[in-house]
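Worksheet: the structure to be examined is printed underneath.
Values below: every heavy atom of this structure, side chains too, minus hydrogens, waters and symmetry copies. Ligands are counted one by one from 1 in listed order, and the atoms in each one are counted from 1 as well. The model shown is predicted, which means the values in this text are computed figures rather than measured ones.
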Amino acid sequence: MPIEWRAEGRQLHLHNERISYVMKVLDRGTLAHLYFGSRLATGRDYGHFLRHSNMARLNEVLDPLPLELPTAGSGDFRVPMLTVRHADGSTVLDLAYREHEITPGKPHLDGLPSTYVDDGAEADTVEVCLVDGNSSLRVRLITTIYADRPVITRSMRVINEGPSEVKLNTAMSAVLDLPDREWHLLQLAGEWGRETHPVDAPLVRGTRGLRSQRGSSGHQQNPFLALHRPSTTEATGEAIGLSLLYSGNFLAEVEVDSADTVRARIGMDPETVRWRVAAGMDLQVPEAVLVWSDEGLGGVSDAYHRLYRQRLVTGAWRDKPRPVLFNSWEGVYFDFDEDTLVEMATAARDLGAELFVVDDGWFGQRDDDTSSLGDWTVDLRKLPSGLPDLVERVNDLGLDFGIWIEPEMVNPRSRLFENHPEWAVGYPGRPRTEIRNQFVLDMSNPEVVDYLERVIGSILSSAPIAYVKWDYNRVITEPYGASLPADRQNEFFHRYMLGVYDLYSRLTERFPEVLFESCASGGGRNDPGMLAFAPQAWISDVTDAVDRQRIQYGTSLVYPLVAMGAHVSAVPNHQTGRVTPLDTRAAVAFFGNLGYELDPRALDEAAAERVREQIAWYKQRRELIHGGRFHRLLSPFEGDGNEAAWMVVADERDRALVGWYRTLSVPLPGPGLLRLRGLDPDARYRVTLWPAADDALARANELERGGDELMRQGLFLDDEAWQSQLRGDFQARIFELTRVVPS
Ligand code: DGJ
């Protein structure tokens with residue numbers, strides 16, 4: 001049994017082959033945290049872990065004991081997991097163990113995204129019930145361990161069994177206490193166009209973290225934090241990840257206290273998300289996913305990649321190869337008619353595309369971004385025969401058809417806003433801030449969710465639409481839900497998210513064959529909560545191949561390649577003005593979910609031929625790219641950032657692809673070597689290069705080489721590269737390794 005209860009020491013030990021997570025009930029009933037890390041022996045008591053440093057005052061003060069569910073007001077003075085205000089105004093909360101229950105499998109969380117199991121044997125769950133004697137507030141702390149993954153999931157349900165209402169002021173998803181501060185904190189920060197850039201620094205006394213209060217997880221931060229030892233690398237050393245399955249306001253922070261112990265916490269942002277739990281009611285908080293690895297940051301990423309693509313993504317697309325798509329946006333923006341689209345689709349089909357996506361501009365009277373959001377009927381000026389006809393023409397070409405929507409938004413210039421101004425978020429009588437000429441619809445109002453299910457449902461049932469890009473292009477200001485009473489306005493942000501998840505669930509259940517891609521002006525809501533409904537995300541509006549290396553590199557800390565929409569676009573790049581070679585753009589986009597976002601009619605014959613070859617190349621390798629183990633080899637955030645490299649290795653270690661990128665050309669680069677990872681040291685691999693070239697670089701590398709030497713010595717990058725076709729800026733090469741079967 002992977003969860004061991006030792007009645008004598010009142011200890012719960014969750015374990016698998018790789019990790020252990022240990023909790024202990026103290027004499028006073030408090031649930032203490034003993035350990036999270038590499039597997040410990042079972043059948044033993046670990047209560048003595050609490051005795052080091054000044055933690056011996058067990059039953060007196062909780063500070064700085066490591067705790068599973070720290071509250072405020074009962075002797076712990078660090079950042080809490082749960083704080084309340086009782087009906088009488090008091091804030092003291094002292095939760096004591098009442099009982100626990102161990103069950104096979106993993107429970108589903110009502111209304112919220114969660115990881116899951118296909119079979120009860122994949123995981124075991126313990127629910128610990130803790131009760132506050134004075135108030136009859138009960139908490140069920142839910143912890144799951146997967147049998148074959150270094151993963152623990154954590155959430156809680158707060159239940160009010162007393163006669164009066166309780167206000168929850170802080171209700172985080174997970175707290176993790178660690179006994180020393182020799183850690184660095186790594187988070188993903190950014191901005192529009194440069195999402196998920198890692199920030200990494202040693203811990204110091206005090207609190208540090210990232211939060212979103214924008215209504216969505218945001219471009220500026222991601223609901224994730226990692227702690228790693230100072231000596232941890234991509235491939236070695238201890239690292240811990242905390243990732244939150246939530247798409248709204250969150251907080252992910254770490255505190256180092258006066259005793260130099262560490263507390264990490266992650267959950268809904270306590271400043272902007274509060275909740276009233278009426279008598280007999282409860283609140284389920286989102287799920288957090290904790291990963292431990294001694295294989296460095298790469299080990300943490302691998303655990304997230306596998307869990308999220310195998311047991312977070314749901315539905316028909318989980319296990320199917322994702323289609324190569326052509327998206328109309330950067331090709332024609334709002335300026336198209338039916339024939340334009342069919343011509344583009346025809347050209348895309350000739351290049352090997354499988355899916356043609358009509359982005360923004362097909363509905364209402366939308367010639368720019370100033371009108372029509374909310375009016376989800378086809379624009380007959382542009383598409384006079386209607387959507388079903390267009391879909392049929394695209395399908396007749398042998399392509400699937402996809403469409404763009406932005407359901408949560410409304411333009412003031414729209415019929416919907418004229419009819420239902422009260423459905424837009426904002427306080428009646430106060431001006432609403434317009435961002436991108438639009439307002440946000442109040443998803444905390446069930447009427448709005450019902451309406452959107454009806455209109456979006458009728459579009460999706462009007463024609464065989466195979467793909468939906470669900471966009472979200474602004475943040476929330478003037479947060480106020482007109483359908484909520486005054487004393488529930490603090491719940492607005494979370495109720496908004498519950499409404500979004502509800503709409504997503506209804507539509508994904510009704511249209512299980514549709515592939516959803518989430519988007520929020522690029523990566524403004526790229527988080528695991530969205531992944532539960534939309535198996536892929538448009539991770540940035542920036543399609544420039546140089547910027548994309550950084551964005552994809554950072555995103556890969558948590559998110560699998562199959563979930564990263566990555567498009568080849570035209571040059572000069574529309575966001576940066578940079579001109580990069582077509583093959584470099586593809587060599588970056590290959591390590592994601594490949595698409596093209598340009599007007600395929602505008603490609604000259606040579607470029608069209610390259611694209612044809614790129615798509616054919618990728619189709620033969622996409623299952624390896626999406627299913628293999630990803631390794632980050634050279635960081636574009638380190639040194640002068642001039643080079644980046646990564647690789648994917650098949651689980652059988654018989655194939656691998658290495659992507660190497662150099663931004664600026666270097667006159668005499670010297671002998672560069674790129675050490676690989678994850679290969680079979682005893683195997684021999686044939687190395688070939690893409691794009692194919694008869695040059696010095698190809699000649700130096702196109703040999704049969706041992707897995708051992710490739711990992712210890714490496715690929716040759718710069719030897720005689722001055723003779724290579726790789727001269728010039730913005731170069732990329734892909735090295736393909738295929739195991740040679742001895743004859
Ligand atoms: C923002 C998205 O990120 C773009 O890809 C595009 O879909 C536009 N919105 C359309 O308005």
Side-chain angles (χ1 to χ4, degrees), residues 190-196 214-220 247 325-336 340-341 344 355-376 379 382 401-414 434-441 456 459 465 467-475 515-527 530 534 536-544 547-548 551-552 555 559 563-570 573-576 585 589 592-599:
E191 193 30 273
W192 175 89
R194 49 187 162 82
E195 294 88 342
T196 53
R214 293 164 193 262
S216 48
S217 46
H219 294 94
Q220 293 75 5
S247 313
L325 65 82
F326 266 69
N327 177 299
S328 63
W329 182 240
E330 288 196 11
V332 288
Y333 293 101
F334 295 102
D335 184 16
F336 56 78
T340 313
L341 295 177
M344 287 173 80
L355 168 68
F356 183 73
V357 180
V358 178
D359 208 279
D360 197 351
W362 59 269
F363 54 91
Q365 300 233 327
R366 191 151 160 101
D367 298 326
D368 54 32
D369 62 17
T370 60
S371 85
S372 303
L373 288 173
D375 297 344
W376 298 108
D379 183 349
K382 294 185 187 175
F401 181 89
I403 206 160
W404 178 97
I405 54 173
E406 193 177 4
E408 299 155 69
M409 298 291 163
V410 65
N411 284 116
R413 275 182 56 209
S414 67
E434 269 185 45
I435 301 179
R436 207 194 186 211
N437 309 303
Q438 65 199 54
F439 298 140
V440 184
L441 285 175
I456 305 296
I459 297 164
I465 291 169
Y467 161 104
V468 170
K469 176 176 172 186
W470 180 319
D471 210 342
Y472 173 90
N473 281 307
R474 59 159 288 178
V475 293
L515 173 59
F516 283 83
E517 176 154 342
S518 73
C519 173
S521 299
R525 203 166 60 180
N526 177 25
D527 55 63
M530 279 292 128
Q536 55 195 60
W538 181 231
I539 58 166
S540 179
D541 273 350
V542 167
T543 51
D544 178 283
D547 290 279
R548 269 280 170 160
I551 294 164
Q552 290 175 211
T555 303
Y559 303 97
M564 293 183 206
H567 297 178
V568 174
S569 61
N573 179 270
H574 292 197
Q575 296 81 34
T576 62
R585 282 171 267 156
N593 204 328
L594 180 67
Y596 287 76
E597 187 156 333
L598 42 73
D599 186 347

Side chain to side chain contact (heavy atoms under 4.5 Å, CB included) between H567 and W538, worked out: CA-CA 9 Å; H567 297 178; W538 181 231; 3.4 Å; yes
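- The D360 neighbourhood of ligand 1 comprises atoms 10 (C), 11 (O), with distances under 4.0 Å to a heavy atom of that residue.
- Nearest heavy-atom pair across S328 and L341 is CB-CD2, 4.4 Å.
- T370 and R413 are linked by a side-chain donor-acceptor pair at a separation below 3.5 angstrom, with hydrogens and angles left out of the test.
- Of all the heavy atoms of R436, the ones lying under 4.0 Å from any atom of ligand 1 belong exclusively to the side chain.
- For D359, a nitrogen or oxygen atom sits less than 3.5 Å from a nitrogen or oxygen atom of ligand 1, counting backbone and side chain alike.
- Using a 4.0 Å cut-off to heavy atoms of N473, the atoms of ligand 1 that qualify are 1 (C), 9 (N).
- No N or O atom of E597 sits closer than 3.5 Å to an N or O atom of ligand 1.
- Contacts of C519 with ligand 1, taken as heavy-atom pairs under 4.0 Å, involve the side chain alone.
- The backbone N or O of D335 lies less than 3.5 Å from no partner atom in the side chain of T340, so there is not a single donor-acceptor pair.
- When hydrogens are left out, the protein atom nearest atom 9 (N) of ligand 1 is D471 OD2, 2.7 Å; that is the closest non-hydrogen contact.
- Inspection of the E406 and N473 side chains reveals an N or O donor paired with an N or O acceptor under 3.5 Å.
- A side-chain contact (heavy atoms from CB on, under 4.5 Å) with H219 is found for exactly one of E195, R214, R525, namely E195.
- The shortest N/O to N/O separation between G522 and ligand 1 falls below 3.5 Å.
- At a heavy-atom distance under 4.0 Å, no atom of N327 approaches ligand 1.
- For ligand 1, the atoms lying closer than 4.0 Å to a non-hydrogen atom of W538 are 3 (O), 5 (O).
- The N/O atoms of K469, backbone and side chain alike, include one that comes under 3.5 Å of an N/O atom in ligand 1.
- Closest protein heavy atom to atom 3 (O) of ligand 1: D541 OD1, 2.3 Å.
- Listed for the T196 side chain is a donor-acceptor partner under 3.5 Å among the backbone atoms of I551.
- Under a 4.0 Å N-O distance rule, the pair D359/K469 qualifies as a salt bridge.
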